[in-house]
Amino acid sequence: MRISRFLLATLKENPADAEVISHQLMLRAGMIRRLAAGLYTWLPLGLRVLRKVENIVRDEMNKSGAQEILMPAVQPAELWQQSGRWDQYGPELLRFKDRHDREFCYGPTHEEIITNLIRNEIRSYKQLPVNLYQIQTKFRDEIRPRFGIMRGREFLMKDSYSFHLEQSSLDETYELMYETYTKIFNRLGLKFRAVLADNGNIGGSRSHEFHVLAESGEDAIAYSTTGDYAANVEVAGDVKVGDPSPDGKSVLDIARGIEVGHIFQLGDKYAKAMGASVLDEAGKSTTLIMGCYGIGVSRLVAATIEQNHDKNGIIWPEAIAPFSVALLPMNMHKSQRLRDAAEDLYNKLQAAGIDVLFDDRKERPGVMFANAELMGIPHRIVIGDRGLDKSEVEYKGRLDEKSQNIPIDKIIEFIVG
RNA sequence: CGGGGUAUAGCGCAGUCUGGUAGCGCACUUGGUUUGGGACCAAGGUGUCGGGGGUUCGAAUCCCUCUACCCCGACCA
């Protein structure tokens, strides 16, 4: 991509209403723009990151054997009345009527819809277990949206739902999802922790939350300093630093976290209320049991920035960087030789399948450096007349202290390798 | 929903107390000089001063009212 044709929307100054660093940097780097409270437009730079996160989530879900579907965002009230949540959910549920005066809501979650699907489609125990997921925009009319995309009202979520005949099968899928989530957050390069969690108003029995560790996190998590125990303080109760750990190992410490994933065992709550059952081996009708598993895809983008930034801007992990390489020519307008060499390298980088952002503007070097760093591009290639005399370009990783000179015909393998 | 605050150019702000018809920085446009860390000079465009109502000869400024947004608390991926 040439910057001259890219909707670059960087800001020098911090917008006044951005409180946390990820919100500030997402605005300054030109990733998002606010439309109304908790509602954001994803600009090209931001959407590139969001899509990469989404694809990692999708890839690992597929590898786990889950199947992708897409359910309607708009849901009829009747299903919510069947589960009992139409009256329980409260004003967080955005409700409205269509032209025929029928009641609907914009889905904040999809237990009712998936249970309705399964009760119509699944007849036999032989079709179980099944795990279906979608990646979709949700809406929750939060009391107080804040921190930009971190707690928006509209957000992108991966939600999956598994159905089983027996608890042992649910346990297996639950463990599989636990492992899948671990793989996903590892691929994203995040420091995170899985903790015992409260079930909230989704209901059910067993649940774990996955928290990205960050000072700005809205949750407090208590964990054993040497053991495996870790729990949301909501669950751990009235604990403080230094208390003995419930697992008997060492003592508790408390850290702050951003909840980016949550896995639940729901039991038969929805299947029972909505009549989802199959015939078992003995030909007897049996109510299904269910698990559900969520990941805040858009929130992950913000959480990643909370964990990866410096005074110059964002530091994207390679896996989700909007561009892998920033190609910065120094005063290209003054040298045809340099222009030719830069264009040639740009084409070769693209041909090698590298996401490259070519700064073809007539800008001063400092502006190019500052923009590339703000946007958090992992690799920087500076190409100038000085280096061309020796057939070299200058390379610097986003986290490197110093740059190094690399022969121009070796730079691609240097970056790929 | 309770408590606190803000609203003036795309962004950041001053001007409001003490009414006189809107300004600064960044960004943007044009020309020139620059060019290895967010350049400089010159010229230029930019506003329903959040909306409505009122007071006044005159309102960004005073009064009433509505709205939006932000921060602190309870909910959540």
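Order of the sequence lines sets the chain letters (A, B, ...), proteins ahead of strands, with each chain counted from 1. These numbers come from the heavy atoms of this one structure, side chains and all, not from hydrogens, waters or symmetry mates.
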Considering heavy-atom distances to RNA chain B, does A:Ser403 or A:Glu209 have its closest nucleotide positioned more toward the 5' end?
A:Ser403
Look at all strands and tell whether A:Arg34 reaches a base, only sugar-phosphate, or nothing, counting heavy atoms closer than 4.0 Å.
sugar-phosphate
Assigned partner base of B:rA14, Watson-Crick or wobble definition, under 3.5 Å:
none
Whole-Å distance, A:Phe147 CZ to B:rC76 P, equals 17 Å
Given B:rC71, B:rC1, B:rU35, which nucleotide is nearest the side-chain atoms of A:Glu19?
B:rC71
Does B:rC76 have OP1 or OP2 sitting under 4.0 Å from an N or O in the side chain of A:Arg140?
no
Please produce a list of atom pairs where a protein N or O lies less than 3.5 Å from an N or O of nucleotides 4-10 of chain B.
none

Assign A:Asp17 to base, sugar-phosphate, or nothing according to its heavy-atom contacts below 4.0 angstrom with the strands shown.
sugar-phosphate
Rounded to whole angstroms, how far apart are OH on A:Tyr293 and C1' on B:rC76?
20 Å
Which whole number of Å gives the distance between the P atom of B:rG47 and that of B:rC62?
24 Å
So what does A:Arg380 touch, heavy atoms closer than 4.0 Å: a base, only the sugar-phosphate, or nothing?
base
Just call it for A:Glu142: base, sugar-phosphate, or nothing, with non-hydrogen atoms closer than 4.0 Å on any strand.
base
Which nucleotide, if any, forms a Watson-Crick or G-U wobble pair with B:rA42, using both distances under 3.5 Å?
B:rU30
Any side-chain donor paired with an acceptor under 3.5 Å for A:Asn232 and A:Glu259?
no
If we take the P atom in both B:rU48 and B:rG12, what is their distance in whole Å?
15 Å
Can you see if the side chain of A:Arg146 gets near the phosphate of B:rC72 - specifically, an N or O under 4.0 Å from OP1 or OP2?
yes
Counting heavy atoms from C-beta on, name the nucleotide in B:rC75, B:rC13, B:rC69 closest to the side chain of A:Ala36.
B:rC69
Counting the atoms with a prime plus P, OP1 and OP2 as sugar-phosphate, which does A:Gly261 contact under 4.0 Å by heavy atoms, base, sugar-phosphate, or nothing?
sugar-phosphate
Would you mind telling me which of B:rC76, B:rG73, B:rC11 lies closest to the side-chain atoms of A:Asp219?
B:rC76
Quantified in whole Å, what is the P atom distance between nucleotide B:rA22 and nucleotide B:rA9?
15 Å
Gap in Å between the two C1' atoms, one belonging to B:rA60 and one to B:rG15, rounded:
8 Å
For atom C1', what is the distance between B:rG20 and B:rU33, given to the nearest Å?
43 Å
Atom CD1 of A:Ile143 and atom P of B:rC71 are separated, to the nearest Å, by 15 Å
Salt bridge (Lys or Arg N to Asp or Glu O under 4.0 Å) between A:Lys410 and A:Glu413, intermediate numbers included:
CA-CA 6 Å; A:Lys410 294 279 192 294; A:Glu413 63 184 85; 5.2 Å; no
note: A:Ile3, atom CD1; B:rG38, atom P; distance rounded to Å ~ 17 Å
Salt bridge check: are A:Glu209 and A:Arg193 linked by an N-O gap of less than 4.0 Å?
no
Any strand counts, and the cut-off is 3.5 Å on both contacts for Watson-Crick or G-U wobble. Which nucleotide pairs with B:rU6?
B:rA68
Could you label the plane-to-plane angle of the A:Trp80 and A:Tyr89 rings as parallel, tilted or perpendicular, counting under 30° as parallel and over 60° as perpendicular?
perpendicular
Any idea which of B:rA39, B:rG25, B:rA77 is nearest the A:Glu13 side chain?
B:rG25
A:Leu374 near the nucleic acid: base, sugar-phosphate alone, or nothing, with a heavy-atom cut-off under 4.0 Å?
base
I need the CE-P distance between A:Met31 and B:rC11, as an integer number of Å.
20 Å
In whole Å, I'd like the distance from the CD1 atom of A:Ile295 to the C1' atom of B:rC76.
16 Å
If you measure from the C1' atom in B:rU61 to the same atom in B:rG3, how many Å do you get, rounded?
28 Å
Could you tell me if A:Arg48 sits above the aromatic ring of A:Trp42, with its cationic atom closer than 6.0 Å to the ring centre and no more than 45 degrees from the axis?
no
Suppose you measure atom C1' in B:rA59 against the same atom in B:rC49; what distance do you get, rounded to whole Å?
11 Å
So, for A:Arg398 and A:Ile377, which heavy atoms are closest and what is the spacing to 0.1 Å?
CB-O, 3.6 Å
Looking at B:rA39, B:rU35, B:rA77, which one has an atom nearest to any side-chain atom of A:Val367?
B:rA39
Relative to the ring of A:Phe264, is the ring of A:His262 parallel (under 30°), tilted (30 to 60°) or perpendicular (over 60°)?
parallel
Centroid-to-centroid, A:Tyr40 to A:Phe155, below 6.0 Å?
no
Could you check whether A:Phe155 and the base of B:rA77 form a stacked pair, meaning centres closer than 5.5 Å and planes differing by less than 30°?
yes
Please confirm whether any donor atom in the side chain of A:Glu373 sits under 3.5 Å from an acceptor in the base of B:rG37, or the reverse.
yes
For A:Val297, which contact category applies under a 4.0 Å heavy-atom criterion: base, sugar-phosphate, or nothing?
nothing
When the ring planes of A:Phe139 and A:Tyr106 are compared, do they come out parallel, tilted or perpendicular, using 30° and 60° as the limits?
perpendicular
With sugar-phosphate meaning primed atoms plus P, OP1 and OP2, does A:Arg153 contact a base, only sugar-phosphate, or nothing at under 4.0 Å between heavy atoms?
nothing
For atom CD of A:Glu363 and atom P of B:rG38, their distance in whole Å:
12 Å
What is the separation between atom NE2 on A:His23 and atom P on B:rC11, rounded to the nearest whole Å?
13 Å
Hey, is the side chain of A:Lys12 poking within less than 4.0 Å of OP1 or OP2 on B:rA27, counting only N and O atoms?
yes
Would you indicate whether A:Asn120, at its atom CG, is surrounded by more than 12 heavy atoms from other residues, nucleotides or ligands within a distance under 6.0 Å?
yes
Scan side-chain atoms only and decide if A:His379 and A:Tyr395 contain a donor-acceptor pair under the 3.5 Å cut-off.
yes
NA contact type, A:His333, heavy-atom cut-off 4.0 Å: base, sugar-phosphate, or nothing?
base
Give none if B:rC1 has no partner; otherwise give the nucleotide forming a Watson-Crick or G-U wobble pair with it, both distances under 3.5 Å.
B:rG73
Taking the nucleotide of RNA chain B with the closest heavy atom to each, which residue, A:Met330 or A:Gly296, is nearer the 5' end?
A:Met330
B:rC66 versus B:rG2 - spacing of their P atoms, nearest Å
13 Å
So which nucleotide from B:rG37, B:rG36, B:rU35 ends up closest to the side chain of A:Glu394?
B:rG36
Phosphate-side-chain proximity, A:Arg144 and B:rC71, N/O vs OP1/OP2 below 4.0 Å:
yes
